[in-house]
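Single-structure report; data block below.
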Amino acid sequence: MYEFDYHKAKNVKDAVAIAKKQDEAKYLAGGMSLVPPMKLRLAKPGNLIDLNEVGELAGIKVDGKTVAVGAMTRHESVAESKDVKKAIPALAKLAGGIGDPQVRHRGTIGGSLANSDPAACYPTAVLGLGATIETDQRKIAADDFFTGLFETALKEGELITKVVFPVPDKACYIKFPNPASRFSIVGVFVSKKGNEVRCVVTGAGPCVFRVKGIEDALKKDFSPKAIENYKHPASGLNSDIHGSAEYRAHLITVLAKRAVAGAE
Amino acid sequence: MATHKVTMKVNGKAVSGEVESRTLLVHFLRETLRLTGTHVGCDTSQCGACTVHMNGESVKSCSLFAVQCEGQDIQTIEGVATGDQLHPMQQAFKDNHGLQCGYCTPGMIMTALDMVRRIPSPSEQEIRKNLEGNMCRCTGYHNIVKSIAAGAKAMAGAR
Ligand SMILES: Cc1cc2nc3c(=O)[nH]c(=O)nc-3n(C[C@H](O)[C@H](O)[C@H](O)COP(=O)(O)OP(=O)(O)OC[C@H]3O[C@@H](n4cnc5c(N)ncnc54)[C@H](O)[C@@H]3O)c2cc1C
Ligand code: FES
Ligand code: FES
């Protein structure tokens, strides 16, 4: 691993101030996405700003209409939260299916979103529920947040503080996991809130995206049957040793149908 | 680059050492403390051979910097037995042929103990699901699953 300097942030203000001052600085949350490429010398941050002791960034608040999750809240805490299980069971289940127990004990929602891995789980819930990402500077709508492969709307040094999810009528996330890493080969999140329907796909493109064809069909009839003839174009989808673009296109409809059937 | 002095609790004892920022917890345990029971099996954070407990929860010590563990409570495989007497989970691995080469075993046992903390009597399916972060190149997992079920039962009996 290349050398770097380590800084422990005391609070949000402190973290942002260190990031402004230091070159090539990166925030360190659970380290589950940041440390592996550093070990392989694929990433070379000059300075790491550890957020693990910033208490104000962790925690879950649920009221009747929203679930707010602090950036440093671990996957395990979201998966096990009684309040989240009651308000948005799909979100608790999604968090409980990320990686493995060791990864869930460390990994955080803020890290997952800032990282925007093309196969990550959390971004589907954020876009699929129309959540708002709050930072030290502003509020960003999910529809504007994910901009490309490992790319987001975050500016240099901008710190995610929390994510606010509106509570849907029902929602569900189904992933087809890679048997080794548990990342999605394809994953689909669907939600319904009044007349609004969202269908979001991960694993198939450079970052998460909505599928309008499925959303329109589900708006008329929220049932698996309504989308059984939907065929997603394969062109532009990811293709690798785990699955061709055609296979991933096929999985989008299959998993969307299962997600609609399982929505609660 | 500056080094850091860290002090943490490892297997109940306060220890300290001088580390670089980039020193991983697993390297501090193995190379500074000479606790070589915690293994490194991959460089992608996937194999779980390096699993230890931090404040009672299973974590991959290859993906955590030693400097982050300042003031934390770490338990490794060396802290599991009582003197010469194996922990019931270790005994269960021995009795059920839950290991062959043994490379993955310390990580398996630390994961198993974390699992039993959360789910005192796990079903076979729960055991398999909770082993997703641990890989074994030898056993085919069958006897590991059997060992954990037996270990959990023995632990419940001992309580
Ligand atoms: C074996 C394994 C399996 C996994 N399986 C899955 C899976 O199935 N599904 C899935 O979705 N993920 C999976 N992951 C990734 C995991 O969910 C990570 O925890 C997550 O992607 C990153 O969160 P982190 O807290 O570890 O962030 P870190 O690794 O600490 O940081 C990631 C990036 O985000 C930045 N960052 C962190 N916090 C903030 C913040 N508050 N504001 C701004 N920037 C920030 C960092 O600077 C860094 O660039 C897996 C990881 C491993 C090692
Ligand atoms: S050494 Fe493989 S997960 Fe830590
Ligand atoms: S016993 Fe050899 S790797 Fe598991």
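By convention in this document, chain letters (A, B, ...) are assigned in the order of the sequence lines, proteins followed by strands, and residues within each chain are numbered from 1.
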Proximity breakdown for E80(A) and chain B, heavy-atom pairs closer than 4.5 Å:
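Answer is neither: E80(A) stays 4.5 Å or more from chain B.
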
Chain A contacts, top residue of [options] (heavy-atom pairs, under 4.5 Å):
options	result
T111(B), V67(B), V59(B)	V67(B)
G48(B), C42(B), G133(B)	G133(B)
Q46(B), K60(B), M115(B)	K60(B)

Choice from [options] maximising heavy atom contacts with chain B below 4.5 Å:
options	value
P36(A), P37(A), G30(A)	P36(A)
M32(A), M38(A), K39(A)	K39(A)
D100(A), L48(A), V103(A)	D100(A)

If you apply the rule ring-ring contact (aromatic ring centres under 6.0 Å, His included), what do you find for F65(B) with F4(A), and how did you get there?
CA-CA 12 Å; F65(B) 297 109; F4(A) 63 88; 5.1 Å; yes

Return the OH to CG distance between Y6(A) and L28(A), rounded to the nearest 0.5 Å.
7.0 Å

Value rounded to 0.5 Å, distance of CG in D114(B) from OG1 in T51(B):
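Between atom CG of D114(B) and atom OG1 of T51(B) there are 9.0 Å.
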
Has N11(A) got a side-chain atom pairing as donor or acceptor with D14(A)'s backbone, closer than 3.5 angstrom?
yes

Could you look at [X] and say if it's the side chain, the backbone, both or neither that has a heavy atom under 4.5 Å from chain A?
X	answer
S58(B)	both
M135(B)	side chain
L131(B)	neither

R41(A) charged N/C atom sitting above Y2(A) aromatic ring, 6.0 Å / 45°
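Because its charged atom sits under 6.0 Å from the ring centre and within 45° of the axis, R41(A) does stack over Y2(A).
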
Give a yes or no on this: more than 12 heavy atoms of other residues, nucleotides or ligands lie within 6.0 Å of atom CZ of R117(B).
yes

Can you name the nearest heavy-atom pair linking L64(B) to C69(B), along with the distance?
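Shortest heavy-atom separation between L64(B) and C69(B) comes out as CD2-SG, 3.9 Å.
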
